[in-house]
Amino acid sequence: MSDFFEKVYEVVKLIPPGRVTSYGAIAKYLGAGGAARMVGWAMNAAHSHADYVPAHRVVNRNGLLTGKHHFDTPDAMQELLENEGVKVINDQIIDFKTHFWDPMKELQD
DNA sequence: AGTATGACGGCGT
DNA sequence: AACGCCGCCATAC
């Protein structure tokens with residue numbers, strides 16, 4: 001298990017409830033830049049991580065629930081988000097930019 | 001050891 | 001504006 005995964009989990013776990021971020025934002029924050037795919041791959045492995053990782057708060061730059069299919073049930077991700085006050089319609093987060101949580105901005109420095 | 005793939009993103013056409 | 005290709009890092013086969 002690469003430290004990269006731990007870094008991703010650490011950032012994801014810092015995402016406040018009702019907020020979401022993108023794979024690219026996390027990757028960029030970690031210095032991986034274009035390795036946004038790796039973040040997604042880390043999420044896949046997050047299932048094996050000891051601590052709970054709110055992977056449902058991580059979406060692509062479109063605010064689309066691209067990884068919802070990786071949860072226990074395809075609707076779990078959407079329900080979790082809506083449970084936190086994030087409206088999701090047709091796998092699309094409403095007011096994505098409003099709920100967007102940028103690690104570079106929030107965890108700046 | 002080399003090739004293909006992946007929950008993405010940016011840039012070129 | 002829409003579509004397509006390339007890049008980026010790590011894992012899988």
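Chain identifiers are assigned alphabetically (A, B, ...) following the order of the sequence lines, protein sequences preceding nucleic acid strands; residue numbering begins at 1 within each chain. Only this structure's heavy atoms are used, side chains among them; waters, hydrogens and symmetry mates stay out.
- Spacing between atom CG of A/D75 and atom P of B/dA7 amounts to 18 Å, rounded to whole angstrom units.
- Linking ILVMFWY side-chain heavy atoms closer than 4.5 Å, directly or via other members, places A/V58 and A/M38 in a single hydrophobic cluster.
- Distance, A/W41 CH2 to C/dC13 C1': 11 Å, rounded to whole Å.
- Base contact: A/N44 has a heavy atom under 4.0 Å from a base atom.
- Within 4.0 Å of A/G24, counting heavy atoms only, lie sugar-phosphate atoms of the nucleic acid but no base atom.
- Here the side chain of A/F5 is nearest to one of B/dC8, C/dA10, B/dA7, namely C/dA10.
- A/D51 and A/K13 are joined by a salt bridge, as a carboxylate oxygen and a charged side-chain nitrogen come within less than 4.0 angstrom of each other.
- Connection of A/I94 to A/L65 is not established within any shared hydrophobic cluster, with ILVMFWY side chains joined at heavy-atom distances below 4.5 Å, either directly or through further cluster members.
- Rounded to whole angstrom, the span from the CD1 atom of A/I93 across to the C1' atom of B/dA7 amounts to 13 Å.
- Across C/dC9, B/dA7, B/dC8, the shortest atom-to-atom separation from the side chain of A/N60 is found for B/dC8.
- For A/R61, whose side chain is taken as the heavy atoms from C-beta onward, the closest listed nucleotide among C/dA10, B/dG10, B/dC8 is B/dG10.
- Nearest nucleotide to the A/M38 side chain, out of B/dG6, B/dA7, B/dG9: B/dG6.
- Look at CE on A/M43: it is 18 Å from P on C/dC9, rounded to the nearest Å.
- Atom-to-atom distance recorded for A/L64:CG and A/D91:CG is 6.0 Å, nearest 0.5 angstrom.
- When the P atom of B/dG10 is taken as reference, atom CG of A/N62 falls 10 Å away, rounded to whole Å.
- Taking 4.0 angstrom as the limit, A/T66 places a side-chain polar atom (N or O) nearer than this to OP1 or OP2 of B/dC8.
- Residue A/A55 is in base contact, counting any heavy-atom pair closer than 4.0 Å across all strands shown.
- Note: CZ (A/F4) to C1' (C/dT11) measures 13 Å, nearest angstrom.
- Regarding A/F100, its CZ atom lies at a distance of 12 Å from the C1' atom of B/dG9, rounded to whole Å.
- Across the strands present, C/dC8 finds no partner; the criterion is a Watson-Crick or G-U wobble pair with both atom distances under 3.5 angstrom.
- Taking the six-membered ring for Trp and thresholds of 30 and 60 degrees, A/H56 and A/F71 have ring planes more than 60 degrees apart, a perpendicular arrangement.
- The A/A36 side chain lies nearest to B/dG9 when the options are B/dA7, B/dG9, B/dG6.
- As a whole-Å value, the separation of A/H69 NE2 from B/dG6 P is 14 Å.
- Taking atom C1' on both C/dC3 and B/dA7, the two are 22 Å apart, rounded to the nearest angstrom.
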